[in-house]
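Quick notes on the structure that follows.
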Amino acid sequence: MSLNKVILIGFVGRDPDVRYFDSGAAVANFPLATSERGYTLANGTVVPERTEWHNVVVRRNQVQFVEKWVKKGSFVYVEGKIRTRSYDDQSGNKRYVVEIHADRIEFFSSGSRRDDSQQGGAQANTGAQQPAAQAYAAQQPAQGYQQPSAAPASPMGENDPADDLPF
């Protein structure tokens, strides 16, 4: 048995591009950024923040939601499948594109990244992520797990690698 399932929580990189076809079908595309916080190891090695960009493709009934509500900077939860397609470019070279075909899209925060960045520093990240964790936990069945409270950021700007959990 195999499983192709992707769950991403991140910021929309630009307004979605929505296209309608003669058949009445529609498709929306947008880039999604996910980031892992940087940190400093015990030996002093600095591991910088790493941002990955994902191409999200939306079809069927989710297109209307994306077109109406999702904008650049939206903090969203995306669940779907990873798919790779190939094509030949103008020079005849074979190119590969990795896409996330979304089955489910939901907001994780009503604030935008711009609002969070005005709060400053590391607290902007936890401010954006904590509502996301609460929203996610509210959707999950109770299993005796209690969501930990957000730890305050270190005044030295160093983060504990154990705190790099996405929730």
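Because only heavy atoms are used, hydrogens play no part in the values below, and waters and symmetry mates are left out as well, while side chains stay in. Everything quoted here is computed from the prediction, not taken from an experiment. Count residues from 1 along the sequence.
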What are the two closest heavy atoms between G73 and F11, and how far apart are they?
O-CD2, 3.4 Å

CA sep, side-chain torsions, deciding dist, call: D88, N93, side chain to side chain contact (heavy atoms under 4.5 Å, CB included):
CA-CA 5 Å; D88 294 326; N93 299 320; over 6 Å; no

Classify the angle between the aromatic ring planes of F108 and Y77 as parallel (below 30°), tilted (30 to 60°) or perpendicular (above 60°).
parallel

One pair to check against side chain to side chain contact (heavy atoms under 4.5 Å, CB included): D15 and F30. What are the steps and the verdict?
CA-CA 7 Å; D15 288 345; F30 61 89; over 6 Å; no

Using the rule that Ile, Leu, Val, Met, Phe, Trp and Tyr join whenever any side-chain heavy atoms are under 4.5 Å apart, tell me whether V18 and V57 fall into a single cluster.
no

Is W53 reachable from V98 through a run of hydrophobic residues whose side-chain heavy atoms are each under 4.5 Å from the next?
no

Contact between E79 and K5 at the side-chain level, heavy atoms closer than 4.5 Å - yes or no?
yes

Crowding at NZ, K94 (>12 non-hydrogen neighbours, <6.0 Å)
yes

Flag the pair D103 and K81 as a salt bridge only when some basic side-chain nitrogen lies within less than 4.0 angstrom of an acidic carboxylate oxygen.
yes

Interatomic distance, OH@Y20 vs CD@E67, rounded to 0.5 Å, equals 3.5 Å

Atom pair CZ/NE2 of R59 and H101 - distance to nearest 0.5 Å
6.0 Å

d(Y96 OH, R85 CZ) to nearest 0.5 Å is 13.0 Å

Find the distance between CD1 (I105) and OG (S74) and round it off to the nearest 0.5 Å.
10.5 Å

Side chain to side chain contact (heavy atoms under 4.5 Å, CB included) between R104 and E106, intermediate numbers included:
CA-CA 7 Å; R104 182 175 169 187; E106 296 180 12; 2.7 Å; yes

Check: I100 and L32 side chains under 4.5 Å, non-hydrogen atoms
no

4.5 Å side-chain heavy-atom contact, H54 and T34:
yes

What distance do F107 atom CZ and F75 atom CZ have between them, rounded to the nearest 0.5 Å?
12.0 Å

Assess whether a salt bridge exists between D89 and R95, defined as any Lys/Arg side-chain N lying under 4.0 Å from an Asp/Glu carboxylate O.
yes

Would a 4.5 Å heavy-atom cut-off, applied to side chains only, mark S35 and R50 as touching?
no

Measuring from atom CG of N55 to atom CD1 of I82, what distance do you get when rounded to the nearest 0.5 angstrom?
10.5 Å

Does the side chain of L41 reach to within under 4.5 Å of the side chain of V47, using non-hydrogen atoms?
yes

Is it the case that one hydrophobic cluster holds both V78 and V6, taking links as side-chain heavy atoms less than 4.5 Å apart, direct or via other members?
yes

Identify the heavy atoms of V63 and A28 that sit nearest to each other, and give their distance.
CG2-N, 4.2 Å

Taking the side chain as C-beta and beyond, is there a heavy-atom pair between V70 and F65 under 4.5 Å?
yes

What verdict does the side chain to side chain contact (heavy atoms under 4.5 Å, CB included) test give for N29 and R19, after you've listed the backbone C-alpha separation in whole Å, the side-chain angles of each residue and the deciding distance to 0.1 Å?
CA-CA 9 Å; N29 298 291; R19 289 176 281 154; 2.7 Å; yes

For atom CG of D22, is the number of surrounding heavy atoms from other residues, nucleotides or ligands below 6.0 Å larger than 12?
no

